[in-house]
Amino acid sequence: MDIRFTESRPSTIGVEWELPLVDRGTGDLAPRAPAVIAAVQERLGDHDRVTEELLTNTVEVVTGVHETVGGATSELAGIIGEVIDAAEPLDAQVMCSGTHPFALWDQQEITADSEHYNTLIDRTRWWGRQMLIWGVHVHVGIDDRDKAVPIMNAMLAYVPHLQAFTASSPFWGGTDTGYASNRALMFQQLPTGGLPPGIDDWRGFETVVDDLTKTGVIDGFKDLRWDIRPSPGWGTLENRVSDGVSTLHEVGAVTAFVQCLVTALSDRLDRGEDLPSMQPWFIRENKWRAARYGMEAEIITNAAGDERLVTDEVHDLVGRLDPIAERLGCQQELHHLDTMIAEGASYQRQLRVAQENGGDLRAVVRHLVTELRESL
């Protein structure tokens with residue numbers, strides 16, 4: 001199978017942000033996305049910036065192609081402002097986290113007119129119906145398809161960093177799961193979900209897609225739900241690790257982090273260097289540790305098995321990536337990762353709000369709604 005890779009301007013970015021809608025009175029999920037999406041598309045005169053998702057309680061906001069993180073976050077702020085305004089007359093509000101604190105999966109509506117989602121649910125049944133989860137996807141442009149797989153493999157070492165800092169799903173169906181990111185472990189139950197298989201180069205990627213297509217596992221490469229994957233149509237590497245991020249500032253920080261990491265790895269390939277890799281069992285363990293312990297995870301940092309607190313590792317990475325961030329114009333956003341270390345990740349804030357309100361998870365929803373709105 002010959003998969004064409006649309007070469008992109010290096011380090012350009014695009015962001016996809018999944019946003020659940022909640023009822024103003026109850027805080028429960030509200031199946032009002034179709035009406036909200038139609039209203040925003042009419043206001044913007046553009047059908048590409050807000051789109052449907054698996055469930056009718058979710059609006060996905062999609063940016064255009066940007067050179068800078070600031071450009072992407074500015075566009076996000078404008079679109080989400082329109083979503084908030086469109087939801088207001090419907091008694092709906094906008095929030096974001098990896099999971100809803102207390103909503104139940106079997107009470108949600110599937111987007112009925114989507115053949116893609118209906119096929120997914122028909123195949124995955126009980127597990128597919130439980131995908132009451134949200135995430136943020138960051139695309140970074142790559143100028144040569146032969147870089148895509150080596151950079152993907154090297155980026156797997158940073159899965160725990162991205163998972164820990166975006167962890168925002170401590171609750172599931174009203175229960176404190178004890179995990180910083182319950183979403184991470186839920187999502188990998190889907191076929192082709194989770195970490196990508198071992199692939200050496202672009203030909204190997206084409207072989208995997210060909211094999212899975214022939215055997216009916218997927219209809220095409222878009223059905224690969226890997227945590228990090230090439231996106232041939234856009235000419236990007238797509239990070240799908242992140243939980244639903246709760247504020248615009250944090251989306252900016254994560255986007256800058258991914259942009260700088262991909263750029264640094266691309267630069268090394270341009271210099272003729274081999275990119276480092278870790279054993280698959282270390283990568284799997286790191287993902288689990290970050291999902292379980294979040295910002296308190298001790299992660300494996302190299303093939304030798306050295307370990308370090310994830311927040312210490314990210315703090316030092318911010319310093320090492322600073323020259324690249326200066327070149328890309330995202331220093332402010334990248335350094336917000338240090339602010340996140342000081343103020344805590346979303347899962348920590350949610351747990352704190354729940355504790356302060358005697359376990360009332362409606363207070364957590366109100367906190368998430370307010371936090372998102374104020375970050376715009």
Are the side chains of [Y] and [X] in contact, using a 4.5 Å heavy-atom criterion?
X	Y	result
Y158	N239	no
P34	T56	yes
V254	V136	no

What I want to check is whether the side chains of [X] and [Y] have a donor and an acceptor closer together than 3.5 Å.
X	Y	result
Q163	S181	yes
E53	T58	no
T263	Q259	no
T247	S375	no

Apply the test side-chain hydrogen bond (donor to acceptor under 3.5 Å, both in side chains) to residues T99 and N182: give CA-CA distance (whole Å), side-chain angles for both, the deciding distance (0.1 Å), then the verdict.
CA-CA 8 Å; T99 57; N182 191 55; 5.8 Å; no
Does one hydrophobic cluster hold both [X] and [Y], with members joined at side-chain heavy-atom distances below 4.5 Å?
X	Y	result
V318	L309	no
L44	V15	yes
L351	L185	no
V69	V65	no
L19	Y117	yes

Can you name the salt bridge (Lys or Arg N to Asp or Glu O under 4.0 Å) partners of D322, sequence neighbours left out?
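Applying salt bridge (Lys or Arg N to Asp or Glu O under 4.0 Å) to D322 gives none.
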Sequence neighbours left out, what passes salt bridge (Lys or Arg N to Asp or Glu O under 4.0 Å) with R129? Give chain and number order.
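So R129 forms no salt bridge (Lys or Arg N to Asp or Glu O under 4.0 Å) with any residue.
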Check the surroundings of atom [atom1] in [X]: do more than 12 heavy atoms from other residues, nucleotides or ligands lie under 6.0 Å from it?
X	atom1	result
W234	CH2	no
H116	NE2	yes
Q355	CD	no
R362	CZ	no
E42	CD	no
E296	CD	no
D274	CG	no
Q332	CD	no

Run T63 and L76 through side chain to side chain contact (heavy atoms under 4.5 Å, CB included) and show every step you take.
CA-CA 7 Å; T63 72; L76 285 170; 3.5 Å; yes
Which distance, rounded to the nearest 0.5 Å, do you find between the [atom1] of [X] and the [atom2] of [Y]?
X	Y	atom1	atom2	answer
I133	L190	CD1	CG	7.0 Å
I79	I84	CD1	CD1	12.5 Å
T166	D243	OG1	CG	5.0 Å
I218	L212	CD1	CG	4.5 Å
N286	I300	CG	CD1	5.0 Å
D210	F221	CG	CZ	13.5 Å

Do the side chain of [X] and the main chain of [Y] share a donor and acceptor less than 3.5 angstrom apart?
X	Y	value
T124	W127	no
S266	V262	no
S277	A154	no
R183	W134	yes
D122	N118	no
T111	L54	yes
W202	I3	yes
R284	Q279	no
S8	G235	yes
N302	G305	yes

Which atoms form the tightest heavy-atom contact between [X] and [Y], and what is the distance?
X	Y	value
F5	T236	CZ-N, 3.7 Å
M95	S97	CE-OG, 3.3 Å
L269	P150	CD1-CB, 4.3 Å
T311	I341	O-CD1, 3.5 Å
S346	L368	OG-CD2, 4.1 Å
S231	H139	OG-CE1, 3.7 Å

Salt-bridged, [X] to [Y], with N to O below 4.0 Å?
X	Y	answer
R349	E250	yes
E82	R49	no
R123	D223	no

List the steps and the verdict of side chain to side chain contact (heavy atoms under 4.5 Å, CB included) for L334 and L337.
CA-CA 6 Å; L334 180 68; L337 292 170; 3.8 Å; yes
Using the rule given for side-chain hydrogen bond (donor to acceptor under 3.5 Å, both in side chains), can you reason through T6 versus R4, listing the C-alpha separation, both sets of side-chain angles and the distance that settles it, and then say yes or no?
CA-CA 6 Å; T6 304; R4 182 176 178 272; 3.2 Å; yes
Evaluate the side chain to side chain contact (heavy atoms under 4.5 Å, CB included) criterion for residues V62 and D48: first the C-alpha distance (whole Å), next the side-chain angles of each, then the deciding distance (0.1 Å), finally the verdict.
CA-CA 7 Å; V62 182; D48 294 331; over 6 Å; no
Check the pair V310 / Y293 against side chain to side chain contact (heavy atoms under 4.5 Å, CB included), numbers first and verdict last.
CA-CA 10 Å; V310 67; Y293 300 108; over 6 Å; no
Sole candidate of R32, H100, Q108 that passes side-chain contact (heavy atoms from CB on, under 4.5 Å) when paired with N57
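Going through the options one by one, the only one that passes is Q108.
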Pick one: which of V83, V369, D85 meets side-chain contact (heavy atoms from CB on, under 4.5 Å) with V94?
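The single option meeting the side-chain contact (heavy atoms from CB on, under 4.5 Å) with V94 is V83.
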Applying the side chain to side chain donor-acceptor pair (under 3.5 Å) criterion to D227, which one of K287, R240, Q188 satisfies it?
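It is K287, the one option of K287, R240, Q188 that forms the side chain to side chain donor-acceptor pair (under 3.5 Å) with D227.
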In terms of ring plane angle, is the pair Y179 and W288 parallel, tilted or perpendicular, where the classes change at 30° and 60°?
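Perpendicular, since the angle between the ring planes exceeds 60°.
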